[in-house]
Every structure is written in structure tokens, then in C-alpha cells.
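Data first, discussion second: the structure below is written as C-alpha cells.
A note on names: the letters A, B, ... follow the listed sequences, proteins ahead of strands, and every chain is numbered from 1.
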Amino acid sequence: MSGEVQAAAVLGGLQESEQLEDSGHRGGRVRRQRIGLGDWLLPVYTVLAFVFLLIPIVYTLVFSFNDSIKSNISWRGFTFDKWLNVCNVEGGAVCEAFANSIVIGLVATVIATTLGTMIAIALVRYRFRARSSISLLLFLPMATPEVVLGAGLAAQFLAVGVPKDMTTIILAHTMFCISFVVVTVKARVASLDPALEEAGRDLYGSPSQVFWRVTFPLLVPGILAAALLSFALSFDDFIITNFNSGSVSTFPKYIYISASRGIPAEANVIASAVFLFALVLVIVAQVSRAARAKRLAKLS
Amino acid sequence: MSVSVREFAERGADLELVGIQKRFPGFTAIEELDLTIPAGSFFALLGPSGCGKTTTLRLVAGLEEPTRGRILIGGTDVTETKAHQRPVNTVFQSYALFPHMSIIENVAFGLRRRRIGDADARAHEALRLVELDHLAQRRPAQLSGGQQQRVALARAIVNRPALLLLDEPLGALDLKLRRQMQLELKTIQEEVGLTFLHVTHDQEEAMTMADTVAVMNKGSIEQMGAPEQLYELPRTVFVANFLGQSNLFTGRVAGTTDTAIAVDVQGTRLVVPTTRAARHQGEVTIGVRPEKVALHRDAPAVSPSRNVLGPGHVIDVSFSGVSTQYIVSITGVGTVTVFAQNIGIGPIASEGDEVWVSWDVEHGFGLDDDPADAGKFAADDDTHAIAVQRREALVAELEES
Ligand SMILES: Nc1ncnc2c1ncn2[C@@H]1O[C@H](COP(=O)(O)OP(=O)(O)OP(=O)(O)O)[C@@H](O)[C@H]1O
Ligand SMILES: [Mg+2]
């Protein structure tokens, strides 16, 4: 849950910065229009919406400081203990699960982003047989219920006789992440003016130089967005993971299992840390963008 | 002479297109194109929108493969050569500046790919040439359209290619800047002796800058030659109407002498010198430029050296400062346009007046079209040519005021 929210937040930040960049300093100023709903209705509605959105996050954050003993449901006083000793309880089970999730997320993201980007470029730029059917097929993993996907994969692994471990989880995650990467990067490739690559070729750039100096830098925002989405999806995934993980623990799996006996505050600590990390990313992106805009404004 | 892309061109290379055909799926953009551009010349390609000018440039640059035919640059067959290995640079119609690079990085791009020393210094020099050195650190999105166009120009020129392709490189500039850039381009071209292939909509630009102008229509060259020659002696209806305006008449050849042919146009005999007529018998189309036609209030004396039409009625007078345009309707013949310099004060005739028109026999020309085709050609291109001219007349007027 929280993973998706973070991803959305980070992606939102990225997309927005992209738009601003594209429109440059000449970007139109948005004219503000007064809405005739009364001056109080909109603010109240906005506040309610934010409260609804933010309560679970605030709850998670606050209860990561709860001096709980076993279950983390009622408030028992403030402490930093859980943050400081997060890896020392239950033999570090929370941290191990968290580390597994990070490794799986990173590896699956790198593979899915690389393959997905190549597929996206091929789908937009080249005409070949079965191009449109491939485009359609790539949508299928997104449209199929995760339960079906997870169970199907598990059956295949069983049939082939592959033992379930980190590798099978990474394979499963790569599979469903690729679709999302392709869709995200494809939009970016499609909006890329082919004349730019032609100009690169005209200016003596070999195919690889044109790719690395013109195409790739222009695709970077899309690729980054795809990678973040991919990582968030992988980090967050419970259903497919649960079918294909065997005895390997991941963060969502750990929380699911421990939920039956009261989630330990350590889980809140890690969830909060992830949230704060995402928040810092967004803030850094915004600040650096503002700084760059200022620098450019000074130049002109 | 083979041209390396690793160094600056010492001089221009000649370009030869042999039997080029270009088919896109479902559309033939160029049916059959033969073209030779001598080294060091400033060659202008002029034609209506969609006639295949950009396609021709793309074929030369290597961005498009011809369906048939060969392309030779400096005598070397480059038909199979990739774009980045051709000693050619393009100023793109859409500029195509790299949005993620600063202006200076854009301009230095070609030099760096070729590992030419002093890339930055040379790039700054090129930017100074287009008066944009002070914006070197900006991004393309932070420039105006005209500034972007000048950067595109600098980015191509800095490479000193043996052959420079310019696809309407001055379209977004205001008149003053355009004149200035035209001068710069001409200077660069003459100094280094590079070959320029310049595509433009602006006939005045083509006429003033180019050594040779080619008028292109529907994927083939209609006529090619020095600007004066093209203007004074058009060979087809299309050229006669696309480059400036023309009064055209169709009739049957009724008599020939050693030096001239006489054409019977609805009972009036119009004479054209044999050397200025492409066809000497049968049904022919002849013409004369409006500024060469004189307007008379009284019937002019018959003379063997002048063609006379009339009487007719003035149906439109438009005064534009230096000259006045009269449109005269002559029964049976149609309308004749007359441009008269305003030597006296005000127009010499007004709407409804009875007038005659005449012109020196030596000023007429005879076209090479089949008259049956003539009507077809006139249709859409004519309105386009007229629109262009109206616009230019307006611009000229604005410039004067
Ligand atoms: N990739 C393509 N696929 C199909 N048709 C094309 C393609 N590129 C160009 N054409 C067609 O070829 C013709 C010539 O196009 P081209 O771009 O060369 O025109 P142009 O003379 O440069 O026109 P303009 O003056 O408007 O720039 C046009 O009718 C155009 O529709
Ligand atoms: Mg064009």
C-alpha cells in the first residue's frame, strides 16, 4: 500500500518537473479562477481528502515510536528504541526480509528496465511483423489478476522442477514489471522527435554515439520513472511473491505473516523509513530543479 | 576526389543525382529526378509546398534511401553510404536542436564527433557569426524561433561541409534579419567556395542569392537556370506563374517568318520571336510579364515591333506606391494584368475606362506545355503563387512605410 503511494508521489514529482522543464521559462502562467462554491467548501473538502490520504501514514510513523511490548495497537509511550534496535529483534527477521525485498527490487528493476526500454524503442521505432500483437500481449500481465499470474507461475516452476528461492521471485517480478516499463518508456519514445536523431546522424554521430548522446539522455526521465515504478511494484508485491518465494521472506510477506499476531513496531520503523526516504527524494528533486531554474534565470 | 568527413572541406563538392526515384508506401514523392550541381555554386530549389524539396535534401543527406537511382558527391557514389559518413550537413526545416544540450554544446556536436580540435572556440566563432554568442549557455527551449533557426544554421556551418543543405533556413526571421543572414550565407559560401543547396519558398530570396535556380513541381524539376534566364524566359506555364506573374494566351500558329512566329489569339495576331518560343507550330501558349505591358488610353498606332490587344475595360486598379496594377478585361482574350510604374501622379486609368494594352514583340515568350495540360497546371498552383505574391507585395509595402 504505502509503496504505491510513495511511487505515485515520486513519479508525480518527476512528471511535473519534466513538464516544467519542457515548457521552459516561457511556459504559460496558469490563470487562477474563482470557483463559485463558496469560499469554505473547497478548502474543507481538500483538507478532508488529505486527512483521509495521510492518516495511515501518520499512524505508521507515530507508532514506530511506540514503546510497545508485543502487539503495536495501543499507545504505551514514546521511545527511540525501535528505531535504534530495528535489526536486533527476532534475530533480525524484519531487517532480513527488508534486505531481501531491496535486493529483489533492485535486480528485478535493472533487468525489467533494461529489457523493457529496448522493447519500447523497438515497438515505436521499427516496423516488423506481429508488432501490434506484441504490443497487445505486453498488456496481458497487467490485465491478469495477480492471483492467477502467481499461481500459474508457481505451477510452471513446479512442473519444470525449479526450487523456489530468490531467483524465482526475481524472475516473477521481472515478468510483471516489464509490462509497466514498456508502457511508461513507450510514451516517452513516441514523443521523441525523430528529427533529433537524424540531426545527430547528420552531424557525424555513429549509431551508438547518436543513441548514447541524443536518444538515451532524452529518454532518461521516462526510464527513471519506469525504474521507480518497477521498484515500487516489486518492493510492494505480496500476492505473486507469496506463490513463488518458498521459504524466502520479503518485507510484505513478513508483515502479512506477523499481522496475525500483531505487527511489531519494527515493521512501522522500516515502513516509516521507506516513506521518509521517498519524501527526501522528492524534496531533493524539487530543490535542485528550483536551483537550476534560478541559475538559468541568472544567466539570461 | 573523395571527401573525408574527418577534416574541414577545402572547397565545395559537386552533387549529382542520377535517375532518382523515391516512393513512400502508397505515395511517390519523386518520380524521376536528374540534377547536377557544380562545385562551389549556390543552388536554390524553389517549389510549392509538398513538391518534394525536403525529400530531395533528405536523400542527399542520407536520411532517406532512394527507391532507385544514384547519388554522387564530389564524384564519389554515396548512395550506400550512411548519413554520418557523408560530407554533408543539413539545416533542418524544423531546426531539430538537441533540447538537453546548451546552445554551445549543440553547435560543437558535429566538431566533437569528428574529433576536430578547438571545438569550443570554433563553436563560439560560429555563434558570433549569427550574433548569438551571448546566449551560448542557454537551452534551445529558452530561445525564440528565429534564434533557434540561427543556432541551427551555426550548428551546420561550423562543420564547413563540402555540401551544405539548407531547408528553408531563414523562414522564421524578420525581414531585416533575413537580409542580413542572406548576406552572411552568401559571404561564407563564396569565401570557402562551399556548395550550397538551398530550399526556399521565397522566390525573391532564391533569385537574389542563387547562381542557379531550379523550379520543382510534383517531384520533378520543371526548369533550371540562372535567375534572370528563368524569369525572362520561362518554359512552362507552371514556371511562368510560380516565378512572378504572367499574362498567358493560347492560340494556333498562323504564320512564320525567319525570326518570328505569329499566333492567332481569337482573331488578334500576336508575334513572338522564334528564338524565344519553344514550339513553332500547332496550338501554343505564349506570354508576357505584366511589367512589360503598356497601357494606352487611345488606340496605339499599329507597328510590327509591338503586339497590341484591345480595346478592353479596366476592371480593377490597385495602387501600391511605386507601381499600379491594372487588370484589363478584353473580350474573347480574357484578362491582362499590367504593372505600371507611377512615373506621373496617380493612376492613368480608372475602373471602367476603355483602354488598349501593348508590348514589345521581343518581350514575349512561347511556352513548351501542351495547351491541354496548361489548364491543369494553372489550377491549384496558381492560387498558391498568387497568395505568395500578395503576401510579398504586402511585406514590401510594410517595409516601405
Ligand atoms: N515519410 C513519408 N511517407 C509518406 N509520404 C511522405 C513522407 N514524407 C513526405 N511525404 C510526401 O512527399 C511529398 C513531398 O514532401 P516534402 O516534405 O519533400 O515536401 P516539401 O517540398 O519539402 O514541402 P514544404 O515546402 O511544405 O516543406 C509530400 O506530398 C509528402 O506528403
Ligand atoms: Mg519541406
Is it the side chain or the backbone of B:F92 that comes within 4.5 Å of chain A heavy atoms, both, or neither?
side chain
Closest approach of B:R113 to A:G205 (non-hydrogen atoms, all atoms of both residues):
CD-CA, 3.9 Å
I'd like to know which of B:A61, B:A96, B:S94 tops the heavy-atom pair count under 4.5 Å against chain A.
B:A96
More than 12 foreign heavy atoms under 6.0 Å from CZ of B:F24: is that the case here?
yes
Starting at CG of B:L63, measure out to CD of A:E197 and round the result to the nearest 0.5 Å.
11.5 Å
Measure the CG-CZ distance between A:D202 and B:R86 for me, rounded to the nearest 0.5 Å.
10.0 Å
Take atom CZ of A:F128 as the centre, draw a 6.0 Å sphere, and report whether it contains more than 12 heavy atoms from other residues, nucleotides or ligands.
yes
From CD (A:Q209) to CZ (B:R112), nearest 0.5 Å:
12.5 Å
Can you see which heavy atom on A:L218 is nearest to which on B:H100, and at what distance?
CD2-ND1, 3.3 Å
Checking B:R58 against chain A: side chain, backbone, both or neither under 4.5 Å from a heavy atom?
side chain
The reported gap from CZ in B:F109 to CZ in A:R213 (rounded to nearest 0.5 angstrom) is 7.0 Å
Chain A heavy atoms under 4.5 Å from B:L165: which part of the residue, side chain, backbone, both or neither?
neither
Looking only at heavy atoms, what is the nearest atom pair of A:Y204 and B:P161, with distance?
OH-CB, 4.1 Å
Hey, what do you get for OG (A:S206) to NZ (B:K82), rounding to the nearest 0.5 Å?
12.0 Å
Closest contact, heavy atoms only, A:P207 versus B:H84
CD-CE1, 3.6 Å
